[in-house]
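The structure appears below as structure tokens.
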Amino acid sequence: MTDKSKQTPLVDLRNISISFGGIKAVDGVSLDLYPGEVVGLLGHNGAGKSTLSKILSGAYEADSGEIWINGKRADIRSPRDARDHNIETIYQTLALADNLDAASNLFLGRELVNRWGMVDDSRMESETRKIMARLNPNFKKLKEPVSALSGGQRQSVAIARAVYFNARILIMDEPTAALGVHETAMVADLIKELKSQGLGIFLISHDTREMMELCDRVSVMKNGQLIGTENVADVTEDDILSMIIMGKNPRAEVA
Amino acid sequence: MTDTATPKTTAAKGRREGRIAQFLHATEIDTRLLGMIGALLLIWVGFHFFGLYKNGFGAFLTPRNLWNLSVQTSSIGIMATGMVLVIVTRNIDLSVGSILGFCAILMGVLQVKILPQYLGIGHPAIWMLAVLAGIIVGSLVGGFQGVLIAYGKIPAFIVTLGGLLVWRGAAFLVARGETISPVDSTFALLGGGPYGAVGSTGSWIVGLIACAAIIYFVISGRARRQRFGFHVRPIWAEYVMGALACGIVIGAVLLVNAYPWPIGIVRQYAEANNIVLPESGLFISHGFAIPILILVGVGLAMTVLMTRTRFGRYVFAIGGNPEAAKLAGINTQWMTVKIFALMGGLAGLSAVVASARLGSATNALGTLDELYVIAAAVIGGTSLAGGVGTIYGAILGAFVMQSLQTGMVLVGFDAAMQQIIVGSVLVLAVYLDNQYRARAK
């Protein structure tokens, strides 16, 4: 952690702004993320966390600001661009097509094709089986539309989609919101595993305690602005809560 | 007594149902498909015996009527396959009938008034150029409407409602309301008729190729599933399915070959070819009509498109969750343009079949077709909520609609009664489908 200054950040967001109908949803935010690091984004609903993450994942285009990936300026204008930079996102809404089965969702937009250019359903199903065996061994409903799955199963399809394609940067927007205790623990284990593999993870959540446990640093946003970024080891849960609620960084005032 | 008897009978019933369920499970037959085929057969048998009872003659289940039914269904069926894509992506196209009319009149003018000036009447390129022009113009019109819907953000209902009027009006303007006839003689074959069919030998060739293809797909599909270690059907179920499919194909060949040319046409043909007619006459089979072969070809191509290509996968994804499709990097706007262009192109192809069958092109051709096409797709199980639909369902739906029409004409219902029944059936079919889906969940 101390040698971070010598490393090139995996993601370097510089002065990002975007507004919708005159309201600045994200206002001049700068953030960075290093390999093997989990950075938590905290804040009230509407603070701009999800909007910021959607700019990185290509769902929105920033009005101003720069995105640097691995020390190079990146031009991300669509979800496809983001995927080309090995950025994968697990959306809060999961973004699954309910009428398609797990394999079709996992490979949506990146279907495996055979030499005739036809989608290879058998190979996709087989690959889905493999990754699901790793992520959620209880997952059996491969042939059914995902609308027939439970909340946890749907979540594991969304997670599998992000993990399968060798992401280097992962954005997880409320990945445990719909999950039970057991499944939440599984996601936490997965985050630790991916982190140890050297991925950089942006984690968005409301659960401060969970964030303290999983993240290396947390950034707090309010009304589109960044209140501050702190090493989790240096602050208490109360410090973070007061940043979220008051919109002030108590440590910055002390210093 | 009754108390002890009841459980016994229900148990026996349960076991019997169990066996049917087992059979359906093993063969993996889509029960919905089975229901539709059952409904279709019910309509056929019903009208046949109603005619027998009322008029003393059951005209429905005759080779002649079923052959005609296949020709009459083709035009609606071709468009219904495209309407599946439109409805699956939560849109609607009300303009297909008018696009059909517009393309038909353009093709009519092209092959009757324009091309003969340069190529001479009866030049073999005329029909090809006309068909090509019809399909291209249809695609352009559909694509233009797609651009308005996708990039202009105007609801599809409004754009195509406008199109319904605009293209019908444009069809009138092209020839000032004149009927253009006769169409090119080769072009006319695309509409069916005694000469527009492939004959007995041709039908057997088509049928045997189809059977070979069925057997190939059964074998290769099983091999592929085995390679990946997936569940495979029991071997007897594969035999049953293969035999059933081949049986239907061969049955269709026997049926179309059982419908002979009318005596007049045979005489004409004999004179033209210097054949001496024997006393008993000649039995020359129609065989498959060209329009139904076009419909089958379109149906196969569209099925491959929908189930085996990325394009088809994206169509379903957009229908299931447009937002998710966009986030998966799918260009949903451009997809919409392509889908409407495809729909327009199919309307152009239907215009070929419809005007060739009529032997002329009028600006009223295809009036109200949009309603039959939408009804066919919806009866065939395409959900107006989006995300669900099959090509074979839409084609079966077209057959159901056309069978009702034909049947009512045969038994002598008047036009008012026909409308009432067709409308009621549409509503009833969607109601039953909803019930089925609710239970299947």
Side-chain angles (χ1 to χ4, degrees), chain A residues 54 57-60 76-84 87-101 103-114 116-130 142-148 154 157-158 161 165 171 173, chain B residues 25 28 30 84 87-90 217 220-232 301 303-335 381-390 437-438 440-441:
Chain A
K54 279 189 170 173
S57 67
Y60 297 143
I76 297 177
R77 292 166 181 280
S78 74
R80 210 165 269 257
D81 293 340
R83 286 176 165 191
D84 290 344
I87 301 170
E88 294 290 336
T89 311
I90 300 164
Y91 293 97
Q92 192 174 3
T93 55
L94 304 185
L96 299 173
D98 277 341
N99 54 336
L100 300 180
D101 62 15
S104 302
N105 268 295
L106 205 157
F107 288 93
L108 191 59
R110 291 178 283 203
E111 287 76 10
L112 301 177
V113 291
N114 60 21
W116 314 103
M118 301 282 170
V119 291
D120 195 339
D121 280 319
S122 304
R123 200 146 60 90
M124 290 195 282
E125 189 183 330
S126 159
E127 291 295 304
T128 307
R129 226 166 255 236
K130 278 184 217 154
L142 278 143
K143 275 296 187 191
E144 290 180 54
V146 294
S147 60
R154 291 161 58 83
V157 174
R161 170 161 66 184
F165 293 95
I171 303 165
D173 194 350
Chain B
H25 187 74
E28 291 170 21
D30 178 5
V84 172
I87 297 179
V88 162
T89 51
R90 306 185 180 188
F217 280 114
S220 73
R222 189 180 174 85
R224 195 172 60 237
R225 294 194 66 79
Q226 269 172 338
R227 195 166 66 239
F228 284 100
F230 294 166
H231 162 79
V232 287
T303 301
V304 169
L305 184 74
M306 283 293 266
T307 58
R308 310 286 300 143
T309 69
R310 286 184 167 172
F311 179 87
R313 191 58 51 85
Y314 297 166
V315 167
F316 283 117
I318 292 170
N321 187 345
E323 196 56 36
K326 224 177 280 173
L327 290 174
I330 298 167
N331 188 342
T332 53
Q333 290 172 310
W334 184 231
M335 282 291 294
T382 310
S383 162
L384 285 167
V388 180
T390 57
R437 276 182 219 277
K441 257 176 203 169

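A quick note: this is a predicted structure, and the numbers were derived from the prediction, not measured. Here is the naming used below: chain letters follow the sequence lines, and residue numbers restart at 1 for every chain.
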Open item on the list: Please determine whether the number of non-hydrogen atoms from other residues, nucleotides or ligands lying under 6.0 Å from atom CZ of B:Arg222 exceeds 12.
Closed with: yes

Which atoms of [X] come close to chain B, meaning under 4.5 Å heavy atom to heavy atom: side chain ones, backbone ones, both, or neither?
X        : value
A:Leu100 : side chain
A:Phe107 : neither
A:Ser78  : neither
A:Arg110 : backbone

What is the distance from atom [atom1] of [X] to atom [atom2] of [Y], rounded to the nearest 0.5 Å?
X        : Y        : atom1 : atom2 : result
A:Lys143 : B:His231 : NZ    : NE2   : 10.5 Å
A:Ser104 : B:Phe316 : OG    : CZ    : 10.0 Å
B:Gln226 : A:Ser122 : CD    : OG    : 12.0 Å
A:Asp121 : B:Phe228 : CG    : CZ    : 10.5 Å

- [ ] Report yes if the side chains of A:Met118 and B:Val304 come closer than 4.5 Å at any heavy-atom pair, otherwise no.
- [x] yes

Open item on the list: By the salt bridge (charged side-chain N to carboxylate O under 4.0 Å, His left out) test, which pairs, at least two apart or in different chains, include something from residues 316-330 of chain B?
Closed with: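 Listed once each, the pairs would be none.
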
- [ ] Against chain A, work out which of B:Asn321, B:Ile330, B:Leu327 has the most heavy-atom pairs shorter than 4.5 Å and name it.
- [x]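 The option with the most such pairs is B:Leu327.
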
- [ ] Count the heavy-atom pairs under 4.5 Å between each of B:Gly386, B:Gly387, B:Ala328 and chain A, then report the option with the highest count.
- [x] B:Ala328

- [ ] Using a heavy-atom cutoff of under 4.5 Å, enumerate the residues of residues 305-315 of chain B that contact chain A, numbered in order, or state 'none'.
- [x] B:Thr307, B:Arg308, B:Thr309, B:Arg310, B:Arg313, B:Tyr314

Task: Heavy-atom closest pair, residues B:Gly319 and A:Asn99 - done: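 Nearest heavy atoms, B:Gly319 then A:Asn99: C-ND2, 4.5 Å.
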
Open item on the list: Testing the basics here: between A:Ala97 and B:Ala324, what is the closest heavy-atom pair and its distance to 0.1 Å?
Closed with: N-CB, 4.2 Å

